[in-house]
Amino acid sequence: MPAAGSTFRTDVPMLRKLLDQINDGAIQLPDFQRGWIWDDHHIRALLTSISLSYPIGAVMLLESGDHNVRFKPRLVEGVELASPPQPSYLILDGQQRLTSLYLALSSGKPVPTRTEKGDDIERLYYLDMALCMDEEADRVEAIVAVPPDKMIKSDFGRKIELDISTREREYELGLFPVSLLFDVEGRNQWRQGFQKHFDYNPARIQSYDMFESAVWQRFYQYQVPVIELVRGTPKEAVCQVFEQVNTGGVSLSVFELMTATFAADDYLLREDWEKRQERWSQHALLKEMDATSFLTATTLLASYQRHLANGTPVGCKRRDVLRLSLDEYKLYQTQIEDGLLRAERLLTREKIFDTRSLPYSTQLVPLSAICAFLDRRFEQEPVKQKLMRWYWCGVFGELYGGANETRFALDLPEVIDWIDGGDGNVPRTVRDAAFSPTRLLSLQSRLSAAYKGLMCLLMQSGGHDLVNGDPIELTMYFRQAVDIHHLFPRAYCERNGLPRLQWNSVVNKAPLTSNTNGELSGDAPSVYLRRIETDHKVERRDLDAFLESHLIRPDLLRTDKFPEFLRDRGARCLDLIEKAMGKAVSGRDTDDVIAAFGGPLAPGKSPGPA
């Protein structure tokens, strides 16, 4: 790492020198920089600022040639070189400004840009010499933009508003091409043609000289402050600096940075990822694994393997991903993909069928790495049981909702040690996880991981549809319409003034088909249960069994006893959560629980009235 104070230097080169370096390929873009997107309004405003010697902000460059920070370079848009050289510098900040200026001033071609509404257009830019010399005029109006044919038309092209398609028209209207500002020979020829066109009229010659003095000189002598990051700056520092200065753009993902890094060794990471996505197209759960998460999982496994070999710390934060070598990626990518396929099998067994029912997509990162490392040991039933205990502790402990890289780095070694070393080595995620009984009432929608997790557990317990009797998991497997519906219907609850916090909670919900939900309508349970028995010929004992499969005491539903139903099913849900987590849910009889549910939620039995 460079010594303190030596990570950057500053300079103020001439704009024309920077554009020459871009044209020669000495200054290029790192491949992770996105395409040029500035619209016509911004380009004219930029030219206006330079014509008035106003500052346009500093540019940041990265000194290239550092073997520790290697990005695949690409030429700035508009530059055409048969054999591009290795660049001396890469643009980190200032891409839009430098590209706009290069295209307008140095490319000699129409500038591909956009209207303010986003329509693609091409433009050539001119300076209106008279307006440039008018101190009362708005300078931006002196920047004239025209299509490639150099004619502005109206009335659907039938009327020509401005025609500068010939040099004579440029002379006549006093419109100087900005593309000639830094072209010494082209500028001299234009000046001679201008003077000849007006028969060397002294007033015209004087006006042109005043234009050169007041405007052209400003362009020719314009300097741009440049900050140069020197060789030896760590890659993570370069990336952090890039994102800090690129606040106006879309956030740069670590995947894009690694794509540019691997491209320097002719490895097409994006193509590799797209092929992997195509292989996963039939795997409903794997669609939630994005490219950055896949890189994070690969880094986690690589880091753990280094830890086992050298005792180095395990990590998968952004800086660790940026340090992942291409050889490591090639070595562990297939193992992570195999680990994801094993994870999908495990989660499907737990009745998690697709991304909609997946509690945490983030938990796929450590799970895939763990399954990859276990390899064939994954098939052992005791191993799967420990994996699922760890998994459900993460879900109901709600431990994977934020930045999780630190927990990922603990999960992999600790779960492996737990599997290898017996029950004494309980992972931190299992140890930290706790579920509060009152949390049941605040689980109001599937936005919560614990909400989705409980619905999966309910399907595990054998939930059957109330009308056709099919297991809900079978219904979901065949892609029939299943959603989460109220057992005491919303309309009924609102009519009877029941507390929304209670009736809209997960305790009053179950996965049911859309057809069955239609049978519930807004009626009392006692009414819709009789309707199901009568209209669909469902025997009472069978319907009671279907209700029990959802952890519902039939007599409480048949007699519309909502408070008792709430406590009974709440206690049963906690029993289910305890079994999945492999640890007791504490506080079932605290004052808070009694106040929220009207009584304690005793384990292992169905509590009656308080």
Side-chain angles (χ1 to χ4, degrees), residues 14-20 22-23 36 38-53 56 76-80 97-113 121-134 137-153 160-198 200-201 204-222:
M14 296 292 184
L15 171 60
R16 63 180 187 274
K17 178 184 177 182
L18 288 174
L19 299 185
D20 284 344
I22 289 172
N23 192 65
W36 176 74
W38 264 19
D39 61 33
D40 172 62
H41 172 76
H42 280 90
I43 296 173
R44 287 188 289 113
L46 185 64
L47 294 171
T48 297
S49 294
I50 297 175
S51 76
L52 294 167
S53 296
I56 60 170
V76 171
E77 184 167 343
V79 179
E80 297 180 359
R97 286 166 287 158
L98 289 179
T99 303
S100 298
L101 292 172
Y102 174 78
L103 288 167
L105 299 172
S106 300
S107 71
K109 299 176 182 177
V111 180
T113 181
I121 56 173
E122 288 185 316
R123 289 293 181 263
L124 295 167
Y125 294 93
Y126 287 81
L127 292 169
D128 187 315
M129 294 191 295
L131 285 178
C132 284
M133 303 305 299
D134 185 349
D138 187 344
R139 179 57 61 88
V140 73
E141 295 180 359
I143 311 298
V144 179
V146 298
D149 65 2
K150 300 183 182 181
M151 290 189 288
I152 296 177
K153 302 174 183 178
I160 297 177
E161 302 288 348
L162 177 67
D163 180 1
I164 46 175
S165 57
T166 65
R167 274 290 156 87
E168 287 70 23
R169 292 293 298 165
E170 293 175 358
Y171 302 149
E172 190 66 34
L173 296 171
L175 295 176
F176 183 87
V178 300
S179 60
L180 300 181
L181 287 167
F182 296 152
D183 180 352
V184 176
E185 182 179 351
R187 182 174 60 85
N188 286 335
Q189 290 178 354
W190 198 94
R191 179 180 59 201
Q192 292 170 5
F194 178 84
Q195 293 173 349
K196 182 178 180 181
H197 180 77
F198 291 106
Y200 302 97
N201 181 291
R204 291 287 188 173
I205 293 174
Q206 183 182 18
S207 69
Y208 182 87
D209 290 343
M210 291 175 62
F211 167 75
E212 281 204 342
S213 177
V215 180
W216 173 79
Q217 284 286 350
R218 292 179 185 271
F219 278 92
Y220 199 71
Q221 296 176 1
Y222 194 85

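When a residue number appears, it is its place in the shown sequence, counting from 1.
Taking CD1 of Ile164 as the reference point, atom OH of Tyr171 lies at 13.0 Å (rounded to 0.5 Å). Here the CG-OG distance, from Leu19 to Ser106, works out to 4.0 Å after rounding to the nearest 0.5 Å. The distance from the CD atom of Gln195 to the OH atom of Tyr208 is 8.0 Å, given to the nearest 0.5 Å. Here the straight-line distance linking atom CZ of Phe219 with atom CZ of Phe182 works out to 7.0 Å at 0.5 Å rounding. Note that CG of Asp128 is 11.5 Å distant from CE of Met133, once rounded to the nearest 0.5 Å. The OG atom of Ser51 lies 10.0 Å from the CG atom of Leu46; values are rounded to the nearest 0.5 Å.
Listed here is the closest heavy atom pair of Glu80 and Lys109: OE2-NZ, 2.5 Å. The two residues Asn188 and Arg191 come nearest to each other via the heavy atoms OD1-NH2, 2.9 Å. Contact between Leu180 and Gly186 at its shortest, heavy atoms only, is CD1-O, 3.8 Å. In this structure, Trp216 and Leu181 approach most closely via the heavy-atom pair NE1-O, 2.8 Å. Minimum interatomic distance between Arg97 and Ile56 (heavy atoms only, all atoms of both residues): NH1-O, 2.9 Å. Pairing each heavy atom of Trp190 with each of Leu175, the nearest pair is CZ2-O, 3.4 Å.
For the pair Arg204 and Phe198, the distance from NZ or CZ to the six-membered ring centre is under 6.0 Å and the angle to the ring normal is within 45 degrees. Judged by a 6.0 Å distance limit and a 45° cone about the ring axis, Arg44 is not positioned over the six-membered ring of Tyr125.
No option in Ile143, Ile43, Asp138 other than Ile143 meets the side chain to side chain contact (heavy atoms under 4.5 Å, CB included) test with Thr48.
The backbone N or O of Trp38 lies less than 3.5 Å from a partner atom in the side chain of Thr113, making a donor-acceptor pair. Of the possible polar contacts, one joining the Arg139 side chain to the Cys132 backbone as a donor-acceptor pair under 3.5 Å is found.
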For side-chain contact (heavy atoms from CB on, under 4.5 Å), just list the numbers for Leu105 and Leu15, CA-CA rounded to whole Å, side-chain angles, deciding distance to a tenth of an Å, and then say yes or no.
CA-CA 10 Å; Leu105 299 172; Leu15 171 60; 4.2 Å; yes
For the pair Ile152 and Ile160, evaluate side-chain contact (heavy atoms from CB on, under 4.5 Å) and give the outcome as yes or no after the intermediate values.
CA-CA 6 Å; Ile152 296 177; Ile160 297 177; over 6 Å; no
May I have the step-by-step check of salt bridge (Lys or Arg N to Asp or Glu O under 4.0 Å) for Arg167 and Glu170, ending in yes or no?
CA-CA 5 Å; Arg167 274 290 156 87; Glu170 293 175 358; 2.8 Å; yes
Decide yes or no on side-chain contact (heavy atoms from CB on, under 4.5 Å) for Val146 and Leu162, but give the supporting numbers first.
CA-CA 9 Å; Val146 298; Leu162 177 67; 4.0 Å; yes
What's the verdict on side-chain contact (heavy atoms from CB on, under 4.5 Å) for Glu212 and Tyr220, showing C-alpha distance, side-chain angles and the deciding distance?
CA-CA 10 Å; Glu212 281 204 342; Tyr220 199 71; over 6 Å; no
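The shortest distance between side-chain heavy atoms of Arg187 and Phe176 falls below 4.5 Å. Residues Phe194 and Met129 meet the side-chain proximity criterion, which asks for heavy atoms closer than 4.5 Å. The side-chain heavy atoms of Leu47 and Leu101, taken from C-beta on, include a pair separated by under 4.5 Å.
Heavy atoms from other residues, nucleotides or ligands lying under 6.0 Å from CD of Glu161 number more than 12.
A donor-acceptor pair shorter than 3.5 Å can be found between the side chains of Ser53 and Arg218. Remark: the His197 side chain and the Glu168 side chain contain no N/O donor-acceptor pair separated by less than 3.5 Å.
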